[in-house]
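Just follow the structure's listing: the first ligand is 1, and inside any ligand the first atom is 1. Residue numbers count from 1 along this sequence. Excluded from the calculations below are hydrogen atoms, water molecules and symmetry mates; all remaining heavy atoms, backbone and side chain alike, are included.
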Amino acid sequence: MSHAWLSSPILAQLNSGVIVIDDEYQIHYLNAFIERHASVQLSEVQGKSIFSVFADLPEAWLKRKLMSVLDLNTPAFSSWEQRQYIFKLPHLRPITSSSQYMAQNCSMLPLVSDQTDQPLICILIEDATDAFVYQQHLSKTLIELERANRQDGLTKVLNRRYWEEQLKQEIHRAQRYHHPLSLILFDLDKFKDLNDKYGHLGGDFVLIQLASFISSLLRDSDLFGRYGGEEFGIILPDTGLEGAVEVAERICQAVAEYPMLFNQQTIRASISMGVAELLPKQHLLHDDVIRCADMALYNAKRAGRNRVCSYLAGETEYQKKVN
Ligand SMILES: Nc1nc2c(ncn2[C@@H]2O[C@H](COP(=O)(O)OP(=O)(O)OP(=O)(O)O)[C@@H](O)[C@H]2O)c(=O)[nH]1
């Protein structure tokens, strides 16, 4: 029993595109799916070159693919992951994707005409827009997750875990390549009073404002993180103590002069900063460097706040710098 009659209704209802061309790229057949999506009629395009009907095709690339199908008499395939689409067909989804065109998996299958023995190629176009959109959402979510995993929720600077990881890596790099590395730890002055006066929301506002302001004063290569409540750290790669103290003094002064408007009130804050350098020959761990900067910070607080103190490892004296 012949099943030839089946092909016609199936091709008409198939939810994939079918285009049959010959070895001169002339269209022999296309199904209703292509007629619908490309707004063409088989009767109008039959015998025309596929490259004149679909003007946006990647001609050189597609010709190479089609030639290989004919020469080797084996199918070829192109997935949306390699090339989002070959035929520029609009998809019919609401705007859920950054692309307005249908993502496609395309198979190119070798055929022979049973009437003329002419070699033909059947191009099967499957709509892969759902997979494409899903993949886009997934990539976006992964990027957001990765950022959230690195960021402090309130201030958007690096969170403590990630910042400490970076510090370990930078120490390793500095020791390996004998580059200088400095660390600044700073803490807001009398932040408890600020919280008491302006409320916890006011305190949060100050943390957010200062974190953003201080970020704008740093180089891209500096690593700024929130170490705890109102304590922050800045890793300065390729920077010796002198340079780091200069940076810290610049920040300290800028913060003291930075007015923040909260609920129609101007808030002014100050910070105390401790600076330490990792000396090239030292084999310190990140805890040790943090401890050194913390000691300098403690000294800055003890000396009256709103100032920078530095710690030189190996020395018992702190160098005190007063604004
Ligand atoms: N609003 C707000 N307050 C915080 C946050 N984290 C810590 N704090 C507050 O910061 C204050 C820190 O107080 P202290 O450790 O006594 O230090 P200080 O008042 O800044 O005084 P000095 O550091 O000695 O200058 C506490 O009242 C904490 O509740 C936060 O995320 N938001």
Side-chain angles (χ1 to χ4, degrees), residues 144-145 147-167 182-218 222-236 244-245 247-276 286-311 317-323:
E144 275 164 14
L145 260 179
R147 201 182 44 225
N149 203 27
R150 288 196 308 243
Q151 240 178 18
D152 170 56
L154 182 71
T155 60
K156 309 297 176 214
V157 300
L158 303 178
N159 62 29
R160 178 171 176 167
R161 186 191 49 73
Y162 186 76
W163 181 82
E164 283 198 81
E165 260 173 41
Q166 296 302 300
L167 179 60
S182 294
L183 176 67
I184 300 174
L185 277 189
F186 71 86
D187 184 284
L188 274 85
D189 294 331
K190 301 280 185 193
F191 193 55
K192 189 174 176 317
D193 295 352
L194 221 140
N195 259 335
D196 291 345
K197 188 166 174 194
Y198 300 101
H200 205 80
L201 283 182
D204 282 357
F205 174 79
V206 169
L207 292 175
I208 295 165
Q209 290 290 302
L210 284 187
S212 154
F213 177 57
I214 293 170
S215 294
S216 73
L217 302 175
L218 297 172
D222 298 335
L223 296 150
F224 183 20
R226 186 173 181 200
Y227 193 67
E230 17 80 79
E231 192 170 351
F232 294 82
I234 306 168
I235 305 163
L236 302 153
V245 167
V247 172
E249 286 189 330
R250 195 160 39 85
I251 293 172
C252 189
Q253 197 163 344
V255 167
E257 291 167 2
Y258 182 60
M260 289 165 278
L261 195 65
F262 177 73
N263 284 349
Q264 277 109 42
Q265 300 178 82
T266 302
I267 306 181
R268 287 187 184 274
S270 71
I271 54 177
S272 298
M273 311 182 90
V275 188
H286 84 288
D287 284 346
D288 300 319
V289 190
I290 289 177
R291 197 169 36 79
C292 295
D294 202 33
M295 282 200 268
L297 167 57
Y298 174 73
N299 225 40
K301 289 276 183 190
R302 235 181 26 179
R305 298 178 176 82
N306 187 25
R307 70 194 60 213
V308 177
C309 281
S310 61
Y311 177 85
E317 284 285 301
Y318 296 112
Q319 295 179 333
K320 194 164 72 183
K321 301 245 175 183
V322 180
N323 280 333

Check: Q209 and Y258 side chains under 4.5 Å, non-hydrogen atoms: yes
Closer than 4.0 Å: a protein non-hydrogen atom to atom 19 (O) of ligand 1: yes
For [X], atoms of ligand 1 separated by under 4.0 Å from a heavy atom:
| X | result |
| --- | --- |
| G203 | 1 (N) |
| L207 | 30 (C), 31 (O), 32 (N) |
| R305 | 22 (P), 24 (O), 25 (O) |
| D187 | 23 (O) |
| L188 | 20 (O), 23 (O), 25 (O) |

Students should be able to answer this: which protein heavy-atom is nearest to [atom], and at what distance?
| atom | answer |
| --- | --- |
| atom 32 (N) of ligand 1 | D204 OD1, 2.6 Å |
| atom 9 (C) of ligand 1 | N195 ND2, 3.3 Å |
| atom 7 (C) of ligand 1 | G229 CA, 3.6 Å |
| atom 22 (P) of ligand 1 | K301 NZ, 3.4 Å |

Option of least heavy-atom distance to atom 5 (C) of ligand 1 (set: R226, E231, K192, R302): R226
Relative to atom 17 (O) of ligand 1, which among H200, K190, E230 owns the nearest non-hydrogen atom? E230
Going by the rule side-chain contact (heavy atoms from CB on, under 4.5 Å), which residues pair with S270 if we only count those two or more places apart in sequence or in a different chain? D189, N306
Using 30° and 60° as the class limits, which term best fits the ring planes of Y227 and W163: parallel, tilted or perpendicular? perpendicular
Is a salt bridge present between D152 and K156, judged by a nitrogen-to-oxygen distance below 4.0 Å? no
